[in-house]
Amino acid sequence: MNKIENDLVKSITDIILKKFEYQCDDGLVMIEIPKDNKNGDYSANIAMRLTKILRRRPQEIAQVIVEAIAENVDFVEKVEIAGPGFINFFIKKDELAACINTVFEMNDKYGENESGNKLPILVEYVSANPTGILHLGHARGAVWGDCICRLLNKSGYNCLREYYVNDAGNQINMLGESVLVRYKELFGIEGDIPEDGYAGEDIKNIAAIIKDKYGDKFLAMEKAEAVEFLKKAGKELELKQIEEDLEYFGCEFDSWVSEQWIVDEGRVEKAVAKMDEMGLIYEEDDALWFKSSEYGDDKNRVLKKSTGFYTYLTPDIANHIYKFERGYTKLVNLWGADHHGYIPRMKAAIEALGYGKDALEVDLIQMVRLVENGQEVKMSKRTGNAVTIRELVDDIGVDAARYFFVSKAVDVHLDFDLGLARSKTSDNPVFYAQYAHARMCSILRNYGKDVEKLPKYDLLTSEKEVDLLKYINEFVSVVADAAATRMPNKICNYIQKLAGYFHSFYGSNKIINPDDENLTKQRMALLLATKITLANALNLIGISAPEKM
RNA sequence: GUCUCCGUAGCUCAGUAGGAUAGAGCGUUCGCCUCCUAAGCGAAAGGUCAGCGGUUCGACUCCGCUCGGGGACGCCA
């Protein structure tokens, strides 16, 4: 919330306390920017919200508030009651323009806020198995998670970006076997990829790298021994590829936690022992079960199979314990929608272990369906024809690709029309915003002088100018809200709207006006403040703000 | 069958602490470059917010039911 809104809320609660003897919670007072600015610069619906509590008609409550505001709040130019009881505030124009100097002072830090209160929060995302190349489905989660972390950092959370590497299960054995098949092929020995194996091009590349490095040494080796080696080598090469692709896509991680490491450290055994100690475990049919149904899951889950191996769940529980041990009190996981059934059992484990029911929040990333020429393109690491992140980025660019994913809420299914993304690059909304930025830079270049910080901006009173000022003022609260709700798409909405206000301002006002030096200075200041805000917003979603287009 | 996500303009989607006349892009139809970037601006057309009921001053928004579409329901990972 910006200063004006804050002051309004405070004034209103004060008045309510004084006139109605009711201590009104700040959260009850909503200050909004009305859609139609005939209804003021800001409006409040508090009179209607209080009707029940105060047992008075909204008009009556509004009347009292309006009178007191008019008397006591000096930055309000006019205040009136409208419709069913809205209180509409018209703010003195130079008060609205005060944000320009705030933006200048904060510069690239404008938008920062302390709403997170330094809360230690660990965000786990992507976490794709190191058995294949990252494709479109992963791209959505990667960008979304990356943007969430950018928002959290901007909003004063203490955020850690983590990738959980599933490098211990059966799929890694299959990786080793698949590499072995491709490796042998390079020596003319034909074989079939196992049923659950991996047939992607990446496996061939790995086989080739291994052949270059080690020659034919695995041909004579015992199969089990060869697979043991190849799965490790394969995993490392796959991981390296994943890391490079993510970086290429503008997504970085602070921390990579290996499942194998969790196992090797004895953390799995420790977790099981602890759960046993707490009476959360029982034995049945030669397997070890977790009483997850006592904590909200619809049935109990196996921790250790009758074969003696752990299920996927068990090391992951140890993984989550490890997160808490490092001091993170809030955990956020971004999982694919197919993991939806997995959430209750992980939450059950966390609750059972005493970390609190709501310590873990899981945001599900709904499916991305790849469509081309009206037909669905199946994507699977195994069929080998998946469109990879790298291909996508080479095709349409990092900015457009990122924007496509981050602008749409993750809880809806996404049809990614590759043909459309390719052919309509210039229609992508990201260019609208980037063009606005480039336009502003161009005007700054044409101006040729430094933009001055002025003590007063009293000439910025036209409708377009006021729209811009109010919206620049909103940025901080938009960032805080987007962080709290973990919805970076709200930043996209902000960007589109801010760019729209600018383009509209540009269309109706000559910014550099040789006949009026004072007005030009003020408009240039507004322009620079807009540019800084837009650049900061673009940066929050990892999209470049070009100086020229 | 159970759980879950979704249903808003011809298409792709915003709008979710309940608020004033439901928004944007693409597409369609008109205007606007002797002037700071026309990748832009202005205007028009386009809607039973899937349907029915409930909660209340007020519902696209919250609750229930129905219909329609996606996904998940393993001693896989």
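Numbers restart at 1 for each chain; the letters A, B, ... are given by sequence-line order, proteins then strands.
For B:rG19, the base has a donor-acceptor partner in the side chain of A:Asn45 [N/O atoms by modelled type, under 3.5 angstrom]. A donor and an acceptor atom never sit less than 3.5 Å apart when one is taken from the side chain of A:Thr311 and the other from the base of B:rC75. Side-chain atoms of A:Asn88 come within donor-acceptor range of the base of B:rA20, with a qualifying N/O pair under 3.5 Å. Side-chain atoms of A:Ser43 and base atoms of B:rA20 include a donor and an acceptor less than 3.5 Å apart.
For A:Tyr342 and A:Trp335, the gap between ring centers is short of 6.0 Å. A:Phe290 has its ring centre no less than 6.0 Å from the ring centre of A:Tyr282.
Using a 3.5 Å distance cut-off with no hydrogens or angles, the side chains of A:Gln496 and A:Asn493 do not pair a donor with an acceptor. Between A:Ser155 and A:Asn113, the side chains place a donor N or O and an acceptor N or O closer than 3.5 Å (distance only, hydrogens not considered). Remark: the A:Thr131 side chain and the A:Asn129 side chain contain no N/O donor-acceptor pair separated by less than 3.5 Å. For the residue pair A:Gln434 and A:Tyr403, no side-chain donor N or O sits within less than 3.5 Å of a side-chain acceptor on the partner.
Only the P atoms considered, B:rC33 is 16 Å distant from B:rG42, to the nearest whole Å. Between the C1' atoms of B:rC60 and B:rA20, the separation comes to 15 Å (whole Å). Straight-line distance between the C1' atoms of B:rU56 and B:rA39: roughly 48 Å, to the nearest whole Å. With both ends at atom P, the span from B:rU4 to B:rC65 equals 11 Å, rounded to whole Å. If you take atom C1' in B:rG47 and the same atom in B:rU34, they sit 43 Å apart, rounded to whole Å. Look at the P atom in both B:rC36 and B:rG31: the space between them is 23 Å, to the nearest Å. Taking atom P on both B:rC62 and B:rA14, the two are 15 Å apart, rounded to the nearest angstrom. Between B:rU55 and B:rA43, the two P atoms lie 41 Å apart (nearest whole Å).
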Contact pattern, 5' to 3', of nucleotides 3-8 of chain B - B, S or - by protein heavy atom under 4.0 Å: BSBS--
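The residue A:Asp285 sits close to a base: some heavy atom pair falls under 4.0 Å. Nucleic acid contact class of A:Gly27 (heavy atoms, under 4.0 Å, all strands): base. Within 4.0 Å of A:Asn509, counting heavy atoms only, lies at least one base atom of the nucleic acid. Looking at heavy-atom distances under 4.0 Å, A:Asn513 makes no contact with the nucleic acid at all. If you check every strand for non-hydrogen atoms under 4.0 Å, A:Lys299 touches sugar and phosphate atoms only. Nucleic acid contact class of A:Ser508 (heavy atoms, under 4.0 Å, all strands): none. In this structure, A:Phe309 reaches neither bases nor backbone, as no heavy-atom distance under 4.0 Å exists between it and the strands shown. A:Met367 comes within 4.0 angstrom of sugar-phosphate atoms only, judged by non-hydrogen atoms across all strands, and of no base. When heavy atoms are screened at a 4.0 angstrom cut-off, A:Tyr342 is found touching base atoms of the nucleic acid. Residue-level contact check: A:Asn493 touches the backbone only, with heavy atoms under 4.0 Å from sugar-phosphate atoms and none from bases. Within 4.0 Å (heavy atoms only), A:Ala409 reaches sugar-phosphate atoms of the nucleic acid but no base atom. Within the nucleic acid shown, A:Gly169 comes within 4.0 Å of sugar-phosphate atoms alone, with no base atom in reach, counting heavy atoms only. Backbone-only engagement by A:Lys35 is indicated by non-hydrogen atom pairs under 4.0 Å involving sugar-phosphate atoms exclusively.
Note on A:Tyr432: every side-chain N or O is 4.0 Å or more away from OP1 and OP2 of B:rU37. At the phosphate of B:rA77, OP1 or OP2 sits under 4.0 Å from a side-chain N or O atom of A:Lys305. At the phosphate of B:rA38, OP1 or OP2 sits under 4.0 Å from a side-chain N or O atom of A:Arg439. Phosphate contact (OP1/OP2 of B:rG18, side-chain N/O of A:Arg49, threshold under 4.0 Å): present.
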Detail all sub-3.5 Å separations between protein N/O atoms and N/O atoms belonging to nucleotides 42-44 of chain B.
from	atom 1	to	atom 2	distance (Å)
B:rG42	OP1	A:Ser504	OG	3.1

Check nucleotides 30-35 of chain B against the protein and report each pair of N or O atoms closer than 3.5 Å, with its distance, or say if there are none.
from	atom 1	to	atom 2	distance (Å)
B:rC35	O2'	A:Lys510	NZ	3.1

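Between the CD1 atom of A:Ile100 and the OG1 atom of A:Thr530 there is a distance of 7.5 Å, given to the nearest 0.5 Å. Within the model, atoms CD1 of A:Ile443 and CG of A:Leu528 stand 11.5 Å from one another, a figure rounded to the nearest 0.5 Å. Rounded to the nearest 0.5 Å, atoms CG (A:Leu444) and CD1 (A:Ile512) are 8.0 Å apart.
Base orientation for B:rC33: syn, the chi torsion being within 90° of 0.
The shortest non-hydrogen separation linking A:Asn39 to A:Asn88 is O-CG, 3.0 Å. Heavy-atom minimum distance, A:Ala525 versus A:Val451: CA-CG1, 3.6 Å. Of all the heavy atoms in A:Arg523 and A:Ile511, the pair that sits closest is CB-CG2, 3.9 Å.
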In dot-bracket, 5' to 3', how would RNA chain B read with Watson-Crick or G-U wobble pairs under 3.5 Å, [ ] for crossing ones and | for pairs to another strand? (((((((..((((.....[...)))).(((((.......))))).....(((((..]....))))))))))))....
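Within the structure, the side chain to side chain donor-acceptor pair (under 3.5 Å) test picks out the following pairs touching residues 50-64 of chain A (sequence neighbours left out): A:Arg56-A:Glu60, A:Gln63-A:Glu67.
Remark: ring of A:Phe86 overlaps the six-membered base ring of B:rA20 in a stacked fashion, centroids less than 5.5 Å apart, planes less than 30° apart.
Salt bridge A:Lys357/A:Glu351: absent, no basic N to carboxylate O contact under 4.0 Å. Using a cutoff of 4.0 Å between basic side-chain nitrogens and carboxylate oxygens, A:Glu177 and A:Lys231 are not scored as salt-bridged.
Straight-line distance from the CD1 atom of A:Ile443 to the P atom of B:rA38: 9 Å, rounded to whole Å. Between A:Asn300 atom CG and B:rC73 atom P there is a gap of 18 Å when expressed in whole angstrom units. Counting to the nearest Å, the C1' atom of B:rU16 and the CG atom of A:Asp481 are 11 Å from each other.
Among the nucleotides B:rC36, B:rA20, B:rA77, the one closest to the side chain of A:Ser442 is B:rC36. Considering only side-chain atoms of A:Tyr435, the nucleotide from B:rA39, B:rA20, B:rA77 that sits closest is B:rA39.
With sequence neighbours left out, the side-chain contact (heavy atoms from CB on, under 4.5 Å) criterion links A:Lys464 to A:Ser462, A:Ser504, A:Phe505, A:Ser508, A:Asn509.
A side chain to side chain donor-acceptor pair (under 3.5 Å) with A:Ser258 holds for exactly one of A:Asp264, A:Asp167, A:Asn166; it is A:Asp167.
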Yes or no on ring-ring contact (aromatic ring centres under 6.0 Å, His included) for A:Phe416 and A:Phe405, after CA distance, side-chain angles and deciding distance? CA-CA 9 Å; A:Phe416 198 110; A:Phe405 286 117; 5.5 Å; yes
